[in-house]
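Reviewing the structure listed below.
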Amino acid sequence: MDQPSGRSFMQVLCEKYSPENFPYRRGPGMGVHVPATPQGSPMKDRLNLPSVLVLNSCGITCAGDEREIAAFCAHVSELDLSDNKLEDWHEVSKIVSNVPQLEFLNLSSNPLNLSVLERTCAGSFSGVRKLVLNNSKASWETVHTILQELPDLEELFLCLNDYETVSCPSVCCHSLKLLHITDNNLQDWTEIRKLGVMFPSLDTLVLANNHLNAIEEPADSLARLFPNLRSISLHKSGLQSWEDIDKLNSFPKLEEVRLLGIPLLQPYTTEERRKLVVARLPSVSKLNGSVVTDGEREDSERFFIRYYVDVPQEEVPFRYHELITKYGKLEPLAEVDLRPQSSAKVEVHFNDQVEEMSIRLDQTVAELKKQLKTLVQLPTSSMLLYYFDHEAPFGPEEMKYSSRALHSFGIRDGDKIFVESKTK
């Protein structure tokens, strides 16, 4: 049978890892020259391939000589064939069937939707544990065939495949632990719930950049659908209700949640978003990639109580009553202005005169003297100033340094400034 036109897997492999290219390659395991032995093939003896092969964006359309693939790749465990031109599953099967140790396979951005995956072809993938089919437009029929023939599949990536619905196979897949299905168009919960039916052992579900608008499922049913779910990403979903956030508590093993960029949280400040979510999800130990400490949880729960303290009872969430039981009713935090005082009303004493005046505290002693010049009828060079704190047990403090700022004295309303003449 004629080989498909284009570059073959073996052709690209030999070009990339040829001895002539070694000086231009860096990093461990990129290939070393092996002296020829009488029994070996000339090409095989010239190369020692790494166990991780990255052959993305190489224009590969077909497998090439299967005997050479078997000779080169018996030890290969990871293979990246993303962004090539593979459109025939039979050619993929020829490659994979000759890589017996393969556990990771990336077929992203290959036009494999142009052919049908038969079970005989899919059987060659049986040892694969991690499979990436992003932007391959793989149909659900293709996914079902893969699931039937990969009994040890643990991680599956189905991003950017334009899915609007989910199709369940006749038999569920108990081995799958992680599913990435981001950047599709899965808007209805009726489609998402099928993933729980398909993958009952699922530990991690990444649904980012879909348009899921609500979690329409009773709490007890959620627990049955995703009994082992530990982590879920709803980043940039369409969730608009706090009830949807509360429903995440129904997943019995959930520990990690990602909720950035959802419409529900847009009106809130950054502080409010995190604290209100942390307070509603008592079992979640990591939110948006950051660990929730015990201290942060308590601060958030107390914040939650104060946030809803003045809300009408009919609008108060159930979580509020739970936290009231835990902490009791909390008074609103007092608003304390920690900004430095900018001015003060003081008494200025000179001879037998007393004048109350407001002085700026950001000015210097020299500038204060200028302000007092008209009042006391003395040149600034002849003034001696003393500051008296009316609450301090000490006597007046001479304000001898002209460049010193007034706020450094701690001047407050009611304090006194005494002016004396040097010639007195």
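Computed from heavy atoms alone, side chains included, the values below leave out hydrogens, waters and symmetry copies. FYI, the numbering just counts along the sequence from 1.
- Inter-residue side-chain proximity for Glu103 and Val128 is flagged as unmet; no heavy-atom pair is nearer than 4.5 Å.
- Under 4.0 Å is where a charged nitrogen must lie from a carboxylate oxygen, and between Lys275 and Glu271 at least one such pair does.
- Listed for the Asn106 side chain is no donor-acceptor partner under 3.5 Å among the backbone atoms of Asp80.
- Between Lys326 and Glu322 there is no salt bridge, since no side-chain nitrogen of the basic residue lies less than 4.0 Å from a carboxylate oxygen of the acidic one.
- Between the side chain of Lys137 and the main chain of Leu114, no donor-acceptor pair closer than 3.5 Å is present.
- Taking 4.0 Å as the cut-off between side-chain N and carboxylate O, Glu154 and Arg129 count as a salt-bridged pair.
- With contacts defined as side-chain heavy-atom distances shorter than 4.5 Å, the pair Ile417/His349 does not qualify.
- Remark: side-chain polar atoms of Glu91 are paired, donor with acceptor, to backbone N or O of Ala63 under 3.5 angstrom.
- Under the 4.5 Å side-chain criterion, counting only non-hydrogen atoms from C-beta, Ile192 is in contact with Leu186.
- Relative to the six-membered ring of Phe409, Arg404 meets both conditions, a distance below 6.0 Å and an angle of at most 45° to the axis.
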Original post:
Between His180 and Leu158, does a side-chain contact (heavy atoms from CB on, under 4.5 Å) hold up when you go through it step by step?
Top reply: CA-CA 6 Å; His180 276 253; Leu158 297 173; over 6 Å; no

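- Residues Phe304 and Tyr327 are not in side-chain contact: their nearest non-hydrogen atoms beyond the backbone lie 4.5 Å or more apart.
- A salt bridge links Glu296 and Arg274; the closest N-O separation between the charged side-chain nitrogens and carboxylate oxygens is under 4.0 Å.
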